[in-house]
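Scroll down for the structure; my scribbles are underneath it.
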2 protein chains.
Amino acid sequence: MPNHSPIDAAFAALADPTRRAVVERLGRGPASVSTLAADHPIALPSFMQHLRQLESAGLIRSEKQGRVRTCTLSPQALTAVETWIIQRRRDWEARLGRLGAYLDQLEDPNV
Amino acid sequence: MPNHSPIDAAFAALADPTRRAVVERLGRGPASVSTLAADHPIALPSFMQHLRQLESAGLIRSEKQGRVRTCTLSPQALTAVETWIIQRRRDWEARLGRLGAYLDQLEDPNV
DNA sequence: AAGACACTTAGCAAATTACCTAAGTATTTG
DNA sequence: CAAATACTTAGGTAATTTGCTAAGTGTCTT
């Protein structure tokens with residue numbers, strides 16, 4: 001089952017080091033396509049595909065003025081991913097808490 | 001260029017809804033392969049591939065006793081992902097802070 | 001107006017992924 | 001010990017992804 005939901009697209013987009021590097025770079029401010037591409041040893045059309053994937057995942061936006069397309073980070077999609085992960089941590093810690101309480105009770109059955 | 005680093009594998013593993021569902025389920029406690037598989041409408045060998053991918057990404061562990069393989073969440077890999085995302089949020093917020101300070105100080109658009 | 005610049009489009013090849021069915025291997029269980 | 005259970009292995013197909021080159025399309029710059 002390929003990626004259908006927005007969060008699938010966000011995780012998939014972040015699974016590639018080139019794309020994560022773009023997100024890291026844009027976290028420090030907007031940049032043009034060619035500025036971003038300069039850091040990566042791949043052909044420009046290949047690099048543009050990565051940008052398209054990031055944009056369709058909602059992780060970045062871009063706008064063209066004249067012949068230059070400027071890209072910006074779009075943090076809401078990152079927040080969705082962050083929220084999912086934090087929820088997992090919560091579940092995990094809640095379970096550890098219950099397990100600890102249970103073990104405490106076994107050790108000390110009647111207080 | 002496919003996944004080389006551990007964090008690539010973790011993001012890629014989480015990009016699939018079946019695999020995320022397994023992580024969610026294991027957050028509430030360990031479970032056997034067939035228990036996990038019961039929630040998903042795919043053939044068992046296909047499901048096992050997902051488990052293998054989760055395990056090789058370090059997101060879960062599993063151990064076989066008798067004929068039953070029990071899977072557990074392995075939270076460190078999730079922490080690595082969480083750390084990456086939180087760092088991006090920090091960068092973003094630091095930049096907003098600098099931008100705000102700059103705008104407060106005076107005008108002049110552009111970056 | 002000519003050429004440089006910054007992308008864009010088109011089309012193609014190799015590698016990966018996500019499924020499947022069929023047939024195996026160990027372990028219980030009756 | 002035979003049958004059921006719980007995976008496992010083997011092998012195959014279709015779709016997706018990631019990369020490329022070559023050839024556009026608009027927009028400055030000179």
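In what follows, chains are A, B, ... by sequence order, proteins preceding strands, each numbered from 1. These values consider heavy atoms only, across backbone and side chains, with no hydrogens, waters or symmetry-generated copies.
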*Which sits closer to the 5' end of DNA chain D, B:T35 or B:Q49, going by the nucleotide each is nearest to?*
B:T35
*Look at A:K64 and D:dG26 and indicate whether a side-chain polar atom (N or O) is within less than 4.0 Å of OP1 or OP2.*
no
*Sub-4.5 Å side-chain heavy-atom contact between A:L14 and A:L78*: yes
_Interatomic distance where CZ belongs to B:R69 and C1' belongs to D:dT8 [whole Å]_ = 9 Å
*Length of the CZ-P vector between A:F47 and C:dA6, whole Å*: 14 Å
*May I ask you to test the A:R20-B:D8 pair for a side-chain heavy-atom distance under 4.5 Å?*
yes
*asked:* On the nucleotide C:dC20, are OP1 or OP2 found under 4.0 Å from the side-chain N or O atoms that B:S46 carries?
replied: yes
_Residue pair B:R89 / A:T79, side-chain heavy-atom distance below 4.5 Å_ = yes
*Are side-chain heavy atoms of B:L26 and B:T72 found at a separation under 4.5 Å?*
no
*Can you tell me how far P of C:dA18 sits from CD of B:Q53, to the nearest Å?*
5 Å
*Please say which of B:D91, B:I85, B:T83 ends up in a side-chain contact (heavy atoms from CB on, under 4.5 Å) with B:Q87.*
B:D91
_Can you confirm if the NZ or CZ of B:R88 lies within 45° of the ring axis of B:W92 and under 6.0 Å from the centre of its six-membered ring?_
no
*Selection from D:dC20, C:dC7, C:dA18 that lies nearest to any side-chain heavy atom of A:I42*: D:dC20
*For B:M48 and D:dT8, what is the distance between atoms CE and P respectively, to the nearest whole Å?*
4 Å
What side-chain donor-acceptor pairs closer than 3.5 Å can you find for residues 34-51 of chain A, not counting sequence neighbours?
from, atom 1, to, atom 2, distance (Å)
A:T35, OG1, A:S32, OG, 2.7
A:H50, ND1, A:R19, NH1, 3.0

*Of the candidate nucleotides D:dC7, C:dC7, D:dT21, which contains the atom at the shortest distance from the side chain of A:A43?*
D:dT21
*Whole-Å distance between D:dG19 C1' and A:L51 CG?*
15 Å
*Among the candidates D:dT8, C:dC7, D:dC20, find the nucleotide nearest to the side-chain atoms of A:S34.*
C:dC7
*Report the nucleotide, chosen from D:dT21, C:dA18, D:dG19, that has the shortest atom-to-atom distance to any side-chain atom of A:P45.*
D:dT21
*Which residue lies toward the 5' end of DNA chain C, B:R19 or A:V33, if each is placed at its nearest nucleotide?*
A:V33
*Between C:dC7 atom C1' and A:H50 atom NE2, what is the distance in whole Å?*
16 Å
*Any idea which of C:dT8, D:dC7, D:dG19 is nearest the B:S32 side chain?*
D:dC7
Name the pairs: protein N/O against N/O of nucleotides 26-30 of chain C, kept only if under 3.5 Å.
from, atom 1, to, atom 2, distance (Å)
C:dT27, O2, B:R67, NH1, 3.1

*asked:* Nearest whole Å is fine: how far is C:dT16 C1' from B:R52 CZ?
replied: 15 Å
*How long is the line joining CG of A:D16 and C1' of D:dT17, in whole Å?*
10 Å
